[in-house]
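Both backbone and side-chain heavy atoms feed into the values below; hydrogens, waters and symmetry mates do not. In what follows, chains carry the letters A, B, and so on, assigned in the order in which the sequence lines appear, proteins first and then strands, with residues in each chain numbered from 1.
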Amino acid sequence: MDDQTVRTICYLSRLRLDDEKSKKILSDLDTIIEMIDSLSSSNTENISPLYNPLEETARKFNDKIKSDNNKELFLENAPESDENFFLVPKVVD
Amino acid sequence: MQFKTIKEINAGLVSKKFSAEEFIKDTFDLINKNKVLNCFISLNEENALAKAKKIKVSKDSHLLSGIPIAQKDLFCTKGTKTTCGSKMLENFNPPYSSKVVDALDAAGSICVGKTNMDEFAMGSSNETSFFGNVHNPWKKGFVPGGSSGGAACSVAAGLVPAATGTDTGGSIRQPAALCGLTGIKPTYGRISRWGMIAFASSLDQAGPICRTAEDCSILLDAMSGYDSRDTTSLNLDSTNTFADLNKPYENLRIGVVDEFNIDALNRESQKLFNESLKVFESLGASIHNISLPNINQSVPTYYVIAPAECSSNLSRYDGVKFGHRSLEAEDLESLYINSRSEGFGDEVKRRILIGTYVLSAGYYDAYYKKAQQVRRLIKNDFEEAFKEVDLIVSPTSPSEAFGFGSKGTQDPTELYLEDLYTISSNLAGLPALSMPHGFVNGLPVGIQLIGNYLEESMILNFANRFQQSTDFHNAKPTFEGF
Amino acid sequence: MMSWECVIGLEAHVQLSTETKLFSRASTSFGEEPNTNVNLVDCGLPGVLPTVNKNAFYKAIRFGLAVDADINQTSLFDRKNYFYPDLPKGYQITQMELPIVSGGKVEIEIEGAKKIINLTRAHLEEDAGKSIHEGMDGTGVDLNRAGTPLLEIVSEPEISSAKEAVAYMKAIHQIVTFLDVSDGNMSQGSLRCDANVSVRKKGDEELGTRTEIKNINSFRFIEKAINYEIERQIDVIESGESVTQETRLYDSIKNETRPMRSKEFANDYRYFPDPDLLPVMISDAEIEEIKATFPEMPKDKFVRYQSEFNIPENDAQIISSSKNLATFFEECMENTKDAKLLSNIIIGDISSLLNKENIEIIDSKLSTKNVSELVNLVTEGVISGKIAKTVLEETWDSGLSPIEIVESSGLKQIDDDDEIERIIDQIISEHPDQVSAYKGGKDKLFGFFVGQIMKATQGKANPASANKILKDKLDN
């Protein structure tokens, strides 16, 4: 992984690597990528991906309300909230 | 009281040798005396005692009535904090309970506490937990395996007869093996994932860790069954494996996988494996060599799919609605980056980064899609194999328990190879069990039985018969060094 | 002056009128107290799982059938990964690889000319919550809307003017409202769109660089935003620079578009199939069931209104093209018989009242009960057509029943022939000159006398009786 890729991946993941650790983690990532690169040796022509081992389909629910108002419970669990909202620092746009 | 099985405790409760309350009190005494093991993240003493006080066990009660059980700390428990072994959820108090917790509660069992685990179930040694290492009761300073390390430790130390675990790549079977226990990961979809904090959704499956196959079947029957809240839950009734323990499964054909290369194992492990095959034959089974041509791609396949799903599953930990929020969050970006960087440990970060990488533009086809295609090849291999055999046998893990910090610190993929034998059944969604079958260097090791879809009864039945003619499951840990 | 043409593709976001959310059974009702229509799933708590709302699929399929599209009987949900405070899971569940609806076409009409706009696809996805910036220190997050089902309808880039874009959105609005797929309420955000706009020199084959204008929520703004953007892009190119591919917002107060503050850095959504959701299958039987309950569409109503109710073509056209008017008309017809008079009142007096206040009929105080009562009062001769207008205005303002209004303000028609005759005698005796002029052949003066009668009775004289009696008196 080059520096630009690492920066992009970290940004997309919203993670920062501490300076002291980042070297180690980056070399770990390279080792892992080397390991998963061996996938390319498999011939997968005309093989459809298996996204879920259950090759079943989802059942659908009827459109009837079944829900409680959990507002207070949810807001209590939030790191920051007022009586109505979850709060975050001011967002522009 | 220590080291009793569910069946033994139930007999004591029914015959009124002791009451549920007495037994739970003793259990907490035992737990408190063994704090050094660090197998629990939190205890549920007050609620457990209150529930035990009310329970009257008769011969008509559920076998789990009054039985103490340890829940892995990724099953949400309403009103009791659920950390997933992470600083991110250090103070998370779920407003609801998981299906597994509710089902075991309804059966009358008593949750005594939440067990330690690798952070977000990512690890094979329980060393990634924010709450510290867990000792293997067989030897201080040695790992119990992971990610359900606390669960296996609590049962192996004889504190509780049963614990719940989850298995994404071997997280039930490998710790069961390293602690001398029996554990089963059922068919994907058997047990609802509702309320089970996700690591990799298409691979995660809950299951029990106990001393015996018989106890595992009692737990599995109580945990399984359709749940409309999980679209990946199989629309089937609960399993009935306990009743099937006495069903005759004659002339089972058991496959040994060529590609697992048993000859390459160390001599001791080889010897144990071959001795177990002899026991299988003595039980009327026949042994066959089979080939799973794509099985050696299991590790790379898994280490694409699991991180990809986890990178997305763990996006909800953003410091907004629950979980850790950094004190240094002056704007939205720093809120996200600081909260996540502080809240997650290194292994979780590594996997999120790998997952993000394999899903990102330009790499999706080469890694993610490719891995899902290879996954189908692996599944196809199993389908072919199960035309020839009824069960597939392999070691559970390449080696016995190892010392803290001795594996994977230089090269993380070294630890990933712990899952070599276990992850293919997660990729294919097949049921698989590990049971003890001997000792290497004085530490227990396990043997794995993989069955065809929905064949949990056959697996448990055969394991039960194995345990009726062997004694490995009765061995008690030596508590070396404690 | 160089001549330019523009290429527009629209992504319409239609909020489906389901009771519950796409993946949870929390209510979708609008305007509730913040964070009260939120359950465990909507909040994205650790360990929760999505399930699938059948009705959302049925509504999407209904739309697909109406626009002649292919229905994908196996469809899949994917995750679109990005961080935003009102996106609780850090990803949006949407359909990328296998949408429920593929293809389809919508017909629009611009100044009498018809044009087909082809659709690329229509897929189901969940809406995000809302971020509130005003009235607090930071930003507040309300998750009531999170998980509300949306149908995103994507057109091919075949729209070539802002006017066509508006016509296209109106056509979509008509389809989704008639099908009861959505309430179409734009002020509540039930229908909004993103517009992809680019310009090129006439005759050029290659497309210009496009910009995307996000979240436009009224027909008027669609036209203004697109026109502004076309002008802006032409100016940019003519001044020798090039258009930047970016996302822009339309500011309706300043009437301009401006780039969104860039959260666009390394925008990579990492779509992949949602491993929590198995594929959704729609059976042939389900499609048949949906077809069997297909509501009547404007074209069918247009024909039926003329044949069944005998109303003029123009009235049938206007009423049948609006779901609200058509429903209103049909409900009134349950309590009255005079379709012609009813349609006349709807497209005449009622429409001008609606236009004046710029509202939809369902948002007014007019009830179908009151309007059919009003029609009946005229038909039964209780009030005249002229008085009807006054009564309509009163019921429009007050919501009172026309019968009450007529009785309390004495607007009842004078049907008593003796009384009318007495009034006519009086008028004839007061206007001897006009009477002799009429008798001398000035027929037009008949109207003068009618006017005098209406003046004397404040319009309440039964016009038929008045005419007959007047004619008898003058001609004898």
Side-chain angles (χ1 to χ4, degrees), chain A residues 1-17 29 33 36 39 44 46-93, chain C residues 18-21 24-29 33-40 42-43 45 51-58 74 76-77 81-86 90 129 131-133 136-143 249 260-263 265-266 268 270 272-275 277-282:
Chain A
M1 263 199 239
D2 57 52
D3 279 0
Q4 181 54 44
T5 309
V6 172
R7 267 202 302 278
T8 307
I9 297 298
C10 283
Y11 173 74
L12 289 172
S13 308
R14 297 300 191 281
L15 288 174
R16 184 181 36 240
L17 300 178
L29 294 183
I33 288 165
I36 62 179
L39 281 176
T44 51
N46 299 321
I47 300 295
S48 61
L50 177 67
Y51 295 121
N52 194 292
L54 286 188
E55 292 187 88
E56 305 254 339
T57 54
R59 277 163 302 277
K60 306 181 276 287
F61 67 79
N62 286 325
D63 189 20
K64 292 270 180 303
I65 295 167
K66 188 183 167 191
S67 193
D68 306 322
N69 175 5
N70 290 309
K71 176 175 146 178
E72 277 164 37
L73 220 50
F74 291 156
L75 292 177
E76 257 170 42
N77 244 324
E80 209 185 327
S81 59
D82 65 12
E83 68 274 20
N84 278 320
F85 299 102
F86 300 97
L87 294 179
V88 295
K90 194 102 186 161
V91 180
V92 254
D93 262 347
Chain C
T18 53
E19 293 286 309
T20 62
K21 295 185 177 179
S24 91
R25 292 176 64 179
S27 167
T28 54
S29 69
E33 200 185 302
N35 289 308
T36 53
N37 278 352
V38 182
N39 72 10
L40 302 164
D42 309 317
C43 193
L45 284 170
T51 49
V52 178
N53 186 337
K54 178 159 52 175
N55 199 18
F57 268 85
Y58 283 16
T74 303
L76 209 60
F77 283 108
N81 294 284
Y82 66 97
F83 286 91
Y84 206 66
D86 58 22
S131 298
I132 318 289
H133 309 292
M136 51 186 87
D137 283 342
T139 289
V141 178
D142 172 13
L143 297 179
L249 281 179
M260 279 176 85
R261 251 174 253 211
S262 209
K263 47 178 188 190
F265 168 67
D268 181 345
R270 291 154 286 135
F272 76 108
D274 191 328
L277 283 162
L278 298 178
V280 178
M281 269 280 283
I282 304 293

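Ranked by heavy-atom pairs under 4.5 Å with chain A, the list C:T139, C:T74, C:T20, C:L278 is led by C:T139. Here C:V38 is the residue among C:T28, C:V38, C:N81 with the most heavy-atom pairs under 4.5 Å with chain A. Ranked by heavy-atom pairs under 4.5 Å with chain A, the list C:P34, C:G129, C:S27 is led by C:P34. Annotation: maximal heavy-atom pairing with chain A below 4.5 Å, among C:A56, C:P275, C:P273, occurs at C:P273. With chain A as the partner, the residue from C:L143, C:V141, C:V280 showing the most heavy-atom pairs under 4.5 Å is C:V141. Ranked by heavy-atom pairs shorter than 4.5 Å toward chain A, the options C:C43, C:G90, C:P85 are led by C:C43.
Counting all heavy atoms, side chain and backbone alike, C:G140 lies closest to A:L87 at CA-CD2, 3.9 Å. Residues C:F83 and A:L12 approach most closely at CE1-O, 3.3 Å, considering heavy atoms. Heavy-atom minimum distance, C:M260 versus C:L249: CG-CG, 3.4 Å.
Within the 4.5 angstrom heavy-atom criterion, only side-chain atoms of C:L45, from C-beta onward, approach chain A. For C:P279, the parts lying under 4.5 angstrom from a heavy atom of chain A are both the backbone and the side chain. Within the 4.5 angstrom heavy-atom criterion, only backbone atoms of C:S24 (N, CA, C, O) approach chain A. Using a 4.5 Å cut-off between heavy atoms, C:S131 does not touch chain A at all. For C:D137, the part lying under 4.5 angstrom from a heavy atom of chain A is the backbone only.
Side chains of A:N62 and C:K54: a donor-acceptor N/O pair is present below 3.5 angstrom, by distance only.
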Do C:Y84 and A:V91 pass the side-chain contact (heavy atoms from CB on, under 4.5 Å) test, and can you show the C-alpha distance, the side-chain angles, and the key distance before you say yes or no? CA-CA 10 Å; C:Y84 206 66; A:V91 180; 3.4 Å; yes
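Heavy-atom proximity under 4.5 angstrom to chain C picks out A:D63, A:K64, A:I65, A:K66, A:S67, A:D68, A:N69, A:N70, A:K71, A:F74, A:L75 from residues 63-75 of chain A.
Figure legend: A:R14 and A:Y11 shown as a cation-pi pair, the cationic atom lying under 6.0 angstrom from the six-membered ring centre and within 45 degrees of its axis.
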